[in-house]
Amino acid sequence: MTDLLLLPGDGIGPEVIAEVRKVAAALCPDLALDERPFGGRSYDLHGEPLTAETLEAAKASKAVLMGAVGGPKWASAPRDKRPEAGLLGLRAGMGVFANLRPALCFQPLADASSLKRELVEGLDFMIVRELTGGIYFGEPRYIEDLPAGGKRAVDTQVYTTAEIERVSRVAFELARGRRNKVTSAEKSNVMDSGLLWREVVTELHRREYPDVILEHILADNAAMQIVKNPKQFDVMLTDNLFGDILSDAAAQLTGSLGMLPSAALGAPGTPGLYEPIHGSAPDIAGQGIANPLAAILSFEMALRWSLGRPELADRLLAAVNRALEQGARTPDLGGKLSTAQMGDAVLAAL
Ligand code: NAD
Ligand code: IPM
Ligand code: MN
């Protein structure tokens with residue numbers, strides 16, 4: 001059985017996954033790895049961004065680690081064949097509805113953020129993003145021609161009680177092991193789906209998690225609070241679209257988008273999907289300067305959440321911190337190291 005299926009993908013994806021391979025070989029040489037083309041690369045080879053065979057291989061592994069997908073090359077591919085559609089298909093196909101995106105500021109990087117040191121030093125909050133529902137998947141969705149000229153585009157935001165409850169449980173459970181606070185972000189002031197979200201979270205909290213502190217916040221205010229006073233948050237629970245946007249903002253607090261890993265989890269016992277939250281970075285792809293730490297830290301999350309090796313995860317986390325302490329920085333963090341040199345710095349610290 002494959003322990004970890006690697007899906008390097010496009011752009012900087014293969015560059016950062018190569019560093020994960022190096023780290024995995026040193027840290028746990030017994031790990032059974034496998035690899036498949038995914039996203040734009042799979043589309044070029046097979047005419048599909050996610051083949052049925054790759055999805056089956058993903059479901060049959062203990063964990064899946066994706067690099068990044070997409071890029072200008074596939075901008076005019078039919079929408080259901082675009083690399084990003086492959087990623088949505090993988091998330092839905094694996095049933096990984098809860099996406100954990102930790103905004104953790106490593107001590108040596110407290111000065112690397114564009115925000116002031118005192119705002120980000122010691123920062124450690126977790127965004128729990130709903131990942132298999134909402135406007136990303138709602139039907140109907142289409143673009144139609146209007147008789148009088150012009151077009152009309154429709155996307156549908158849809159959530160059910162059960163979808164909100166299962167991701168909220170993940171957030172409450174996580175909070176119990178942390179600082180015991182959940183902040184739920186939605187737009188209940190203008191959206192019916194936001195209203196239902198708030199009702200369901202409130203009711204679940206009353207029934208099952210009264211010991212956890214629960215706060216509600218409107219998503220626009222959440223964006224502002226993330227840059228004003230991010231240390232007020234412990235676990236932030238939110239939907240698919242708001243979670244996408246708020247987690248990019250949170251990433252910058254940690255120094256760079258190239259620092260933020262993620263874990264997408266489904267039902268207990270099913271494989272998790274691990275991915276850096278950044279994209280294929282077409283502006284720097286091929287230059288060997290991408291920061292591999294988000295990918296390496298995604299591997300760290302896989303060791304912890306799916307592969308049953310928390311002690312190796314602890315070692316890897318400490319090695320990343322140590323490499324940063326010793327001054328290892330890729331250009332996005334204000335340094336000069338290449339992708340491979342940053343991987344080597346983590347290896348040396350291991
Ligand atoms: P992006 O995340 O690829 O890049 C945004 C900016 O951050 C760029 O300036 C890029 O150079 C920088 N950046 C990102 N990751 C970095 C890293 N590891 N090291 C250093 N710098 C890094 O977002 P975008 O430019 O809006 O999107 C590009 C493509 O990626 C699009 O096709 C998009 O759909 C796709 N995308 C994929 C994923 C994913 O695969 N999970 C996530 C986001 C975007
Ligand atoms: C992310 C990305 C994806 C998303 C895209 C590439 C489908 O932005 O993982 O944050 O929007 O979920
Ligand atoms: Mn995103």
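What's counted below: heavy atoms across the whole structure, side chains too, no hydrogens, waters or symmetry copies. For the single chain, residues carry numbers from 1 onward in sequence order.
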Problem - Heavy-atom closest contact (Pro271 atom, Ser61 atom, distance) - result: CB-O, 3.2 Å
Handout entry: Ion pair check, Arg129 and Asp239, cut-off under 4.0 Å
Key = no
Completion exercise
Heavy-atom nearest pair, Thr132 first then Gly95, reads CG2-C, 4.5 Å
Practice task
Might you confirm whether atom CG of Asn221 has over 12 heavy atoms from other residues, nucleotides or ligands at distances under 6.0 Å?
Solution key: yes
Exercise for the section: Decide whether Ser256 and His278 meet the rule of one side-chain donor and one side-chain acceptor closer than 3.5 Å. Expected result: no
Handout entry: Residue pair Asp244 / Arg101, side-chain heavy-atom distance below 4.5 Å
Key = yes
Practice task
Find out if a path of hydrophobic residues (ILVMFWY) with successive side-chain heavy-atom gaps under 4.5 Å connects Met259 to Leu303.
Solution key: yes
Exercise for the section: Using a 4.5 Å cut-off on heavy atoms from C-beta on, say whether the side chain of Tyr274 contacts that of Leu297. Expected result: no
Handout entry: Whether Thr254 side chain and Ala251 backbone form a donor-acceptor pair below 3.5 Å
Key = yes
Practice task
Taking atom types as modelled, find out whether Tyr209 and Glu173 have a side-chain donor-acceptor pair closer than 3.5 angstrom.
Solution key: yes
Problem - Side-chain (Thr238) to main-chain (Ala185) donor-acceptor, under 3.5 angstrom - result: yes
Problem - Enclosure of Arg198 CZ (heavy-atom neighbours >12, cutoff 6.0 Å) - result: yes
Exercise for the section: Enumerate the residue pairs fulfilling salt bridge (charged side-chain N to carboxylate O under 4.0 Å, His left out) with a member in residues 282-291, sequence neighbours excluded, ordered by first and then second residue. Expected result: none
Handout entry: Side chain proximity check, Val154 to Arg141, heavy atoms < 4.5 angstrom
Key = no
Practice task
Taking all heavy atoms of Leu33 and all of Thr2, pick out the closest pair and write down the distance.
Solution key: C-CG2, 4.3 Å
Problem - Side chain proximity check, Arg329 to Leu109, heavy atoms < 4.5 angstrom - result: yes
Practice task
State, with a plain yes or no, whether a side-chain heavy atom of Ile289 is found less than 4.5 Å away from one of Thr330.
Solution key: no
Problem - Check: Ser188/Trp197 side-chain N/O donor and acceptor closer than 3.5 Å - result: no
Exercise for the section: Give a yes or no on whether Met342 and Val20 share a hydrophobic cluster (residues Ile, Leu, Val, Met, Phe, Trp, Tyr; joining criterion: side-chain heavy atoms under 4.5 Å apart). Expected result: yes
Problem - Side-chain donor/acceptor of Lys181 to backbone N/O of Gln232, under 3.5 Å - result: yes
Practice task
Would you mind checking if Arg79 and Glu84 are paired as a salt bridge, meaning a charged N to carboxylate O distance below 4.0 Å?
Solution key: no
Problem - Side-chain (Asp10) to main-chain (Gly40) donor-acceptor, under 3.5 angstrom - result: yes
Practice task
Look at the side-chain heavy atoms of Ile, Leu, Val, Met, Phe, Trp and Tyr, link any pair under 4.5 Å apart, and say whether Leu293 and Leu316 land in one connected group.
Solution key: yes
Handout entry: Lys151/Glu144 salt bridge by N-O under 4.0 Å criterion
Key = no
Practice task
Tell me, yes or no, whether the heavy-atom count around Arg315 atom CZ, taken from other residues, nucleotides or ligands under 6.0 Å, exceeds 12.
Solution key: no
Problem - Asn240 (side chain) donor-acceptor with Gly134 (main chain) under 3.5 angstrom - result: no
Handout entry: Side-chain ion pair, Arg322 and Glu325, N-O less than 4.0 Å
Key = no
Exercise for the section: Determine whether Gln252 and Ser114 make a side-chain contact, defined as any pair of heavy atoms from C-beta on separated by less than 4.5 Å. Expected result: yes
Problem - Connected via hydrophobic side-chain network under 4.5 Å: Leu260 and Leu115 - result: no
Fill in the blank from the handout: On a heavy-atom basis, the closest approach of Pro230 and Ile226 is CB-O, 3.2 Å
Problem - Sidechain-backbone polar pair: Thr54 side chain, Leu50 backbone, donor-acceptor under 3.5 Å - result: no
Handout entry: Flag side-chain contact, heavy atom, 4.5 Å: Met126 against Leu100
Key = yes
Problem - Sidechain N-carboxylate O distance under 4.0 Å for Arg21, Glu35 - result: yes
Practice task
Could you tell me whether the side chain of Arg309 reaches within less than 4.5 Å of the side chain of Cys28, counting heavy atoms only?
Solution key: yes
Exercise for the section: Kindly say whether Glu275 contributes a backbone atom to a donor-acceptor pair with the side chain of Ser262 at under 3.5 angstrom? Expected result: yes
Handout entry: Neighbour count above 12 (heavy atom, 6.0 Å) for Leu45 CG
Key = yes
Fill in the blank from the handout: Checking Ile213, Val235, Asp124 against Arg179 for side-chain contact (heavy atoms from CB on, under 4.5 Å), the one that qualifies is Asp124
Problem - Co-membership, hydrophobic cluster, residues Leu246 and Leu123, 4.5 Å side-chain - result: yes
Problem - Sidechain N-carboxylate O distance under 4.0 Å for Arg36, Asp34 - result: yes
Exercise for the section: Compare every heavy atom of Val182 with every heavy atom of Ala171, then report the nearest pair and how far apart it is. Expected result: O-CG2, 3.7 Å
Handout entry: Side-chain donor/acceptor of Glu165 to backbone N/O of Ala162, under 3.5 Å
Key = no
